[in-house]
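Here's the structure we're looking at; comments come further down.
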Amino acid sequence: QVRLIESGGGLVQAGGSLKLSCIVSGLPFSVYTMGWFRQVPGEEREFVATISRFGGTTQYSESVQGRFYISRENNKNTLYLQMNRLKPEDTAVYYCAASEAGVVVTSQRAYEYWGQGTQVTVSS
């Protein structure tokens with residue numbers, strides 16, 4: 001059974017930092033491109049960041065470029081998202097996802113497996 005379990009969300013003041021983690025089991029982690037997405041109630045899920053199988057390539061949405069950093073530890077089957085200089089508009093449920101695409105991908109349609117999400121709330 002494939003499981004992706006996010007953690008690290010919470011309430012933080014604007015300007016603060018959080019680090020999300022996603023522990024993956026049930027699939028060969030190093031084979032998968034990984035990504036982070038986020039969703040606000042009533043809105044479409046949006047791409048945040050993606051990382052290639054061995055971490056050599058990353059891509060970010062314009063809204064988080066320079067503030068968020070995606071990384072992975074394949075020996076721990078874990079994906080991370082370091083979020084700095086948080087803004088109220090970063091408030092959302094954050095999801096990790098796994099893709100067999102073999103390259104970095106920003107479309108959620110390319111991701112086969114998803115976690116349940118972790119809430120991030122940034123107060124002004």
Side-chain angles (χ1 to χ4, degrees):
Q1 181 181 5
V2 177
R3 299 184 69 185
L4 287 74
I5 302 176
E6 302 96 337
S7 63
L11 174 64
V12 64
Q13 288 189 331
S17 298
L18 281 175
K19 186 173 185 177
L20 305 183
S21 299
C22 173
I23 298 177
V24 179
S25 60
L27 56 77
F29 183 68
S30 64
V31 171
Y32 283 75
T33 292
M34 298 298 297
W36 287 99
F37 291 77
R38 66 187 182 186
Q39 188 170 25
V40 175
E43 298 184 11
E44 292 286 321
R45 188 176 299 181
E46 68 169 351
F47 165 75
V48 174
T50 180
I51 187 167
S52 59
R53 293 178 294 172
F54 298 103
T57 301
T58 59
Q59 189 171 342
Y60 299 89
S61 69
E62 286 189 12
S63 62
V64 307
Q65 180 78 47
R67 299 188 298 123
F68 290 12
Y69 299 94
I70 189 171
S71 62
R72 64 191 296 165
E73 288 189 278
N74 286 352
N75 62 340
K76 296 182 178 179
N77 286 8
T78 304
L79 175 73
Y80 303 100
L81 185 68
Q82 176 67 47
M83 305 186 295
N84 301 324
R85 291 185 282 132
L86 282 159
K87 304 176 181 180
E89 51 263 44
D90 294 318
T91 295
V93 176
Y94 283 71
Y95 299 89
C96 68
S99 171
E100 297 179 349
V103 294
V104 291
V105 285
T106 61
S107 170
Q108 60 178 309
R109 291 189 296 272
Y111 289 81
E112 292 84 12
Y113 302 103
W114 293 83
Q116 293 299 305
T118 185
Q119 175 71 47
V120 171
T121 303
V122 184
S123 63
S124 57

Exercise. Looking at Gly8 and Leu18, what are the two nearest heavy atoms and their distance?
Worked result: O-CD2, 3.8 Å

Problem set entry | Atom of Leu81, atom of Ala49 and distance for their closest heavy-atom approach | CD1-CB, 4.3 Å

Exercise. Under a 4.5 Å side-chain heavy-atom rule over Ile, Leu, Val, Met, Phe, Trp and Tyr, are Tyr60 and Val120 clustered together?
Worked result: yes

For this session: Apply the test side-chain contact (heavy atoms from CB on, under 4.5 Å) to residues Trp114 and Phe37: give CA-CA distance (whole Å), side-chain angles for both, the deciding distance (0.1 Å), then the verdict.
Result: CA-CA 10 Å; Trp114 293 83; Phe37 291 77; 3.5 Å; yes

Problem set entry | Joint hydrophobic cluster, Val40 plus Val64, side-chain heavy atoms closer than 4.5 Å | no

Exercise. Is there a donor-acceptor contact under 3.5 Å from the side chain of Ser30 to the main chain of Asn74?
Worked result: no

For this session: Could you go through the side-chain contact (heavy atoms from CB on, under 4.5 Å) check for Ile51 and Tyr80 one step at a time?
Result: CA-CA 10 Å; Ile51 187 167; Tyr80 303 100; over 6 Å; no

Exercise. Has the side chain of Thr33 got a donor or acceptor atom that lies under 3.5 Å from a matching backbone atom of Val103?
Worked result: yes

Exercise. Quick one: CD1 on Ile70 to CG on Leu79, what's the gap to the nearest 0.5 Å?
Worked result: 5.0 Å

Problem set entry | Common cluster, Tyr113/Val105, ILVMFWY with side-chain heavy-atom separation under 4.5 Å | no

Problem set entry | Between OG1 on residue Thr118 and CD1 on residue Ile5, distance to nearest 0.5 Å | 11.5 Å

Exercise. How long is the span from the CZ atom in Arg72 to the SG atom in Cys96, to the nearest 0.5 Å?
Worked result: 11.0 Å

Exercise. Is it the case that more than 12 heavy atoms not belonging to Glu46 sit under 6.0 Å from its CD atom?
Worked result: yes

Exercise. Shortest non-hydrogen contact from Ala14 to Pro88?
Worked result: CB-CD, 4.1 Å

For this session: Drop me the distance from Glu100's CD to Arg53's CZ, to the nearest 0.5 angstrom.
Result: 11.5 Å

For this session: Kindly work out whether a path of hydrophobic side-chain contacts (I/L/V/M/F/W/Y, heavy atoms less than 4.5 Å apart) joins Phe29 to Tyr32.
Result: yes

Problem set entry | Glu112 and Ser99, any side-chain heavy atoms less than 4.5 Å apart | yes

For this session: Using modelled atom types only, decide if a donor and an acceptor are shared between the side chain of Thr91 and the backbone of Val122 within a distance under 3.5 Å.
Result: yes

Problem set entry | Separation of Glu6 CD from Tyr94 OH (nearest 0.5 Å) | 12.5 Å

Problem set entry | ILVMFWY cluster, Phe68 and Val93 together (side-chain gap under 4.5 Å) | no

Exercise. Between Asp90 and Arg38, is a side-chain contact (heavy atoms from CB on, under 4.5 Å) present by the stated rule, with each step listed?
Worked result: CA-CA 9 Å; Asp90 294 318; Arg38 66 187 182 186; 2.9 Å; yes

Seminar exercise, completed: Nearest heavy-atom contact between Met34 and Val24 is CE-CG2, 4.0 Å

Exercise. Could you state the interatomic distance from OH (Tyr69) to OG1 (Thr58), rounded to the nearest 0.5 Å?
Worked result: 10.0 Å

